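Remarks on the structure that follows.
Small disclaimer: the values here were computed from a predicted structure and weren't measured. Here is the naming used below: chain letters follow the sequence lines, and residue numbers restart at 1 for every chain.
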Amino acid sequence: SAVISQKPSRDICQRGTSLTIQCQVDSQVTMMFWYRQQPGQSLTLIATANQGSEATYESGFVIDKFPISRPNLTFSTLTVSNMSPEDSSIYLCSVVGQGRTEAFFGQGTRLTVV
Amino acid sequence: AQTVTQSQPEMSVQEAETVTLSCTYDTSESDYYLFWYKQPPSRQMILVIRQEAYKQQNATENRFSVNFQKAAKSFSLKISDSQLGDAAMYFCAYRITGANSKLTFGKGITLSVRP
């Protein structure tokens, strides 16, 4: 299975600021995804990070609020911009390896906006 | 659109006993994958088991097995000889075949294990 390093693991941020979350994989992967999860709830897909092109966003999520980069096949970032307390959540990176069917997840970033 | 339904929000099992977690899904596709993921309090999502829709044989991984009923669109997870470490949130997930397809998750079920 892929080894995924997601940083930071947690952060407390002031409203109006931005936070960038990094996801590094130890091998080249086909797909990279970003999810949001409220405590005790299911995962909601924010976007699919596309290598070398703009991310594909799900309904309700926009690039201005959640800009995503994926410069190569092993690394992606998610930025949560102009944060408000409603952005307090867990953010997870997920990858699907080449020729694989299952997805693997990073450890998650617990974000608290005050 | 594909949907995954986990209708039981919580379940409890006695240590060493067997428990079954239910999951149903809705799809018009014939070729897809189904998964069960475990999320303990550490929040790390862990793959428990996967099933390819084209396979009739139910998947098994040690104490974990599934009952896959394709016609009924049902995919339940059986945990045998439950251990305290099995306490977690469990998510059923679905993904169609294809390199660019995404996972669709159920709402999850919280499993507690009584010592």
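Of the atoms belonging to B:R43, heavy atoms from both backbone and side chain fall under 4.5 Å from chain A. For B:F91, the part sitting under 4.5 Å from any heavy atom of chain A is the side chain, from C-beta outward, and nothing else. Both the backbone and the side chain of B:L103 come within less than 4.5 Å of a heavy atom of chain A. If you measure heavy-atom distances from B:M45 to chain A, the contacts under 4.5 Å come from both the backbone and the side chain. For A:Q6, no part lies under 4.5 angstrom from a heavy atom of chain B. If you measure heavy-atom distances from A:T109 to chain B, the contacts under 4.5 Å come from the backbone alone. Looking at A:T48, there are no atoms closer than 4.5 Å to chain B (heavy atoms on both sides), in backbone or side chain. In this structure, chain A has a heavy atom under 4.5 Å from the side chain of B:Q39, while its backbone stays farther away. In this structure, chain B has heavy atoms under 4.5 Å from both the backbone and the side chain of A:Q107.
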Residue pair A:Q98, A:L73: steps toward the side chain to side chain contact (heavy atoms under 4.5 Å, CB included) verdict
CA-CA 10 Å; A:Q98 293 179 348; A:L73 293 176; 4.2 Å; yes
Evaluation steps, ring-ring contact (aromatic ring centres under 6.0 Å, His included), between B:Y25 and B:F75
CA-CA 8 Å; B:Y25 59 95; B:F75 183 62; 7.4 Å; no
A:D11/A:R110 under salt bridge (Lys or Arg N to Asp or Glu O under 4.0 Å): CA gap, chis, key distance, verdict
CA-CA 6 Å; A:D11 208 341; A:R110 181 181 292 274; over 6 Å; no
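A salt bridge links A:D87 with A:K65: the distance from a Lys NZ or Arg NE/NH1/NH2 to an Asp or Glu carboxylate oxygen falls below 4.0 Å. Using a 4.0 Å cut-off between charged nitrogen and carboxylate oxygen, B:E17 and B:R114 do not count as a salt-bridge pair.
Interface remark: of the candidates A:P39, A:S94, A:G40, A:G40 forms the most heavy-atom pairs closer than 4.5 Å to chain B. Interface summary for chain A: among B:K102, B:K107, B:E52, B:M89, the most heavy-atom pairs under 4.5 angstrom belong to B:K102.
Here the side chain of A:T112 pairs no donor or acceptor atom with the backbone of A:I12 at under 3.5 angstrom. Put simply, the side chain of A:T79 never gets that close to the backbone of A:S81: no donor and acceptor are under 3.5 Å apart. A side-chain donor-acceptor contact under 3.5 Å links A:R70 to the backbone of A:A49.
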